Amino acid sequence: MIAGRPFTHGAIALVNLGAQIDALEPQVSLGRSSVEIRVGFIDLISLRGLILGRIADYERAEEIADQLVHDAPDDAGAFLARARARAVFHRFHDALTDLDHAERLSADAETANSERAAIFQALGRYDEALALRVEAVRRRAGFESLAALVGLHAERGEIVAAEKRYAESRSRYRAVSPFPLALLDFQMGRMWMDDNRLDQARRSFDAARRRVPAYAQAQGHLAEVDAQLGEIDSAVASLHSLAESADDPDYAAQLARILGEADRDGESRHWRRLAAERYDELLARHPEAFADHAAEFWLAAGADPDKALQLARMNLEVRDTPRARILLARAVAAKTADLRHQSHKENL
């Protein structure tokens with residue numbers, strides 16, 4: 001709690017989220033709902049997809065958003081919803097086009113700029129994103145605008161600024177839902193993890209998990225930290241559960257890697273095969289969105305430098321971020337090492 005205020009327990013909040021989705025599902029499925037209801041439904045299932053690691057929810061959101069734009073081509077809200085859905089799958093230029101169209105249809109500029117800033121950040125256009133985020137705070141220094149700045153500073157490794165904004169945003173939180181605070185703690189955890197401050201990363205990821213026990217990304221990153229700290233059994237147990245329940249192959253990929261590094265090759269092969277099959281499926285449908293994680297998989301447990309290099313190059317074309325450049329450098333190094341190894345074998 002913050003300053004003694006209670007929040008809805010994460011498990012209860014997730015049940016409530018599911019109940020909201022179930023209540024709207026019949027109207028949305030039959031096409032009898034208003035634009036506002038369908039936009040709300042898209043946001044709800046996208047949130048569930050984020051919390052539970054359910055790619056199927058994201059795909060459903062994009063499908064409904066596409067139909068919504070078809071049904072209501074003069075409604076700015078429809079284009080805003082589709083921009084958010086497209087951005088999830090890293091269709092950033094299409095999403096920006098939708099935002100421009102929404103503004104021409106009289107969408108609120110502040111709302112459009114908030115979505116635009118998120119896309120600029122994802123593309124590595126940090127200065128443009130920062131300008132929009134700072135302006136949003138100047139206009140209204142509430143939880144949402146400050147939390148968005150936390151995420152931007154955290155991704156840039158600006159630790160002092162991120163910590164300051166983190167404290168400010170928490171102090172302005174007035175709702176009872178645990179989801180926004182869990183997402184905020186997760187952003188801080190990634191920052192600490194990138195800075196190799198594993199104890200602090202663990203605290204942040206654990207805080208996110210305690211707020212929302214089913215939060216898949218928090219559980220998965222906490223397991224990665226545990227593995228780096230030598231707590232292999234704990235990491236494997238967490239990832240095993242995630243790999244079975246989520247349709248995101250990242251958890252199977254991480255499990256395969258950790259088991260392989262622990263010389264548990266028989267178990268690792270099973271999860272490696274499942275991750276490879278699932279990444280192939282997703283890359284066929286959403287290549288921009290899964291190029292980065294698939295490249296990570298083929299660099300590690302997948303052990304295919306050629307695939308890793310191809311996907312890392314694709315990822316950099318989509319989003320020129322520091323993480324994308326580091327991933328490409330690792331893929332190039334892996335390919336170079338593989339060529340040297342093959343040359344050495346031929347010369348024996």
Side-chain angles (χ1 to χ4, degrees), residues 87-90 92 117-130 150-162 186-202 204-205 217-218 220-229 235 239 248-258 260-261 272 275-276 279 282-283 286-341:
V88 167
F89 287 114
H90 295 189
F92 298 123
I119 295 170
F120 286 163
Q121 180 177 333
L123 288 168
R125 294 163 60 175
Y126 294 133
D127 290 342
E128 293 167 271
L130 181 62
V150 173
L152 178 55
H153 288 309
E155 185 170 328
R156 298 182 74 172
E158 298 167 347
I159 293 173
V160 173
F186 177 77
Q187 293 292 335
M188 294 296 288
R190 287 196 66 181
M191 179 186 74
W192 297 127
M193 195 173 181
D194 288 344
D195 200 46
N196 203 35
R197 292 159 74 165
L198 298 182
D199 288 335
Q200 286 161 291
R202 172 188 261 170
S204 292
F205 291 139
Q217 287 193 75
H221 280 70
L222 184 57
E224 287 187 61
V225 171
D226 282 344
Q228 290 185 57
L229 292 172
L239 287 168
D248 187 335
D250 189 50
Y251 306 113
Q254 294 298 340
L255 183 55
R257 176 184 62 80
I258 291 169
E261 291 172 353
R272 182 166 61 244
Y279 273 126
L282 291 170
L283 285 166
H286 313 291
E288 302 94 340
F290 292 95
D292 54 351
H293 283 197
E296 293 274 7
F297 166 69
W298 292 114
L299 273 176
D304 190 328
D306 287 320
K307 281 190 175 182
L309 182 56
Q310 177 186 358
L311 290 165
R313 283 173 172 159
M314 179 194 300
N315 181 56
L316 186 64
E317 289 175 4
V318 173
R319 52 194 311 201
D320 186 3
T321 65
R323 282 196 181 107
R325 291 192 290 273
I326 291 169
L327 178 60
L328 179 58
R330 289 172 53 210
V332 169
K335 179 58 180 175
T336 301
D338 183 59
L339 289 172
R340 286 176 181 164
H341 178 68

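Remember, predicted model here, so these are calculated numbers, not experimental data.
For Phe120 and Tyr126, the distance between ring centers is not under 6.0 angstrom.
Only one option out of His153, Arg197, Gln200 pairs with Ile159 in a side-chain contact (heavy atoms from CB on, under 4.5 Å); it is Arg197.
Two residues are said to be in side-chain contact when any heavy atoms from C-beta on lie closer than 4.5 Å; Asp292 and Leu327 meet this criterion. A 4.5 Å side-chain heavy-atom check between Leu123 and Asp320 finds every atom pair outside the cut-off.
For the side chain to side chain contact (heavy atoms under 4.5 Å, CB included) test, residues two or more places apart in sequence or in another chain that qualify with Val88 are Tyr58. Annotation: salt bridge (Lys or Arg N to Asp or Glu O under 4.0 Å) contacts of Asp199 (sequence neighbours excluded): none.
Taking the charged nitrogens against the carboxylate oxygens, Asp194 and Arg323 do have a contact shorter than 4.0 Å, which makes a salt bridge. Between Arg313 and Glu317, no side-chain nitrogen of the basic residue sits less than 4.0 Å from a carboxylate oxygen of the acidic one, so the salt-bridge criterion is not met.
For residues 300-310, the salt bridge (Lys or Arg N to Asp or Glu O under 4.0 Å) pairs, not counting sequence neighbours, are Asp306-Lys335.
Between the side chains of Glu288 and His90, not a single donor N or O lies within less than 3.5 Å of an accepting N or O. Side-chain contact annotation: Arg257 with Gln254, donor-acceptor N/O pair under 3.5 Å present.
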Open item on the list: I'd like to know whether Arg190 forms a salt bridge (Lys or Arg N to Asp or Glu O under 4.0 Å) with Asp195, so could you lay out the CA-CA distance, the side-chain angles of the two residues, the decisive distance to 0.1 Å, and finally the verdict.
Closed with: CA-CA 9 Å; Arg190 287 196 66 181; Asp195 200 46; over 6 Å; no

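For the atom pair CG of Leu309 and CG of Leu299, the computed distance is 9.0 Å after rounding to the nearest 0.5 Å.
Under the 30°/60° scheme for interplanar angles, the aromatic rings of Phe186 and His221 are found to stand perpendicular.
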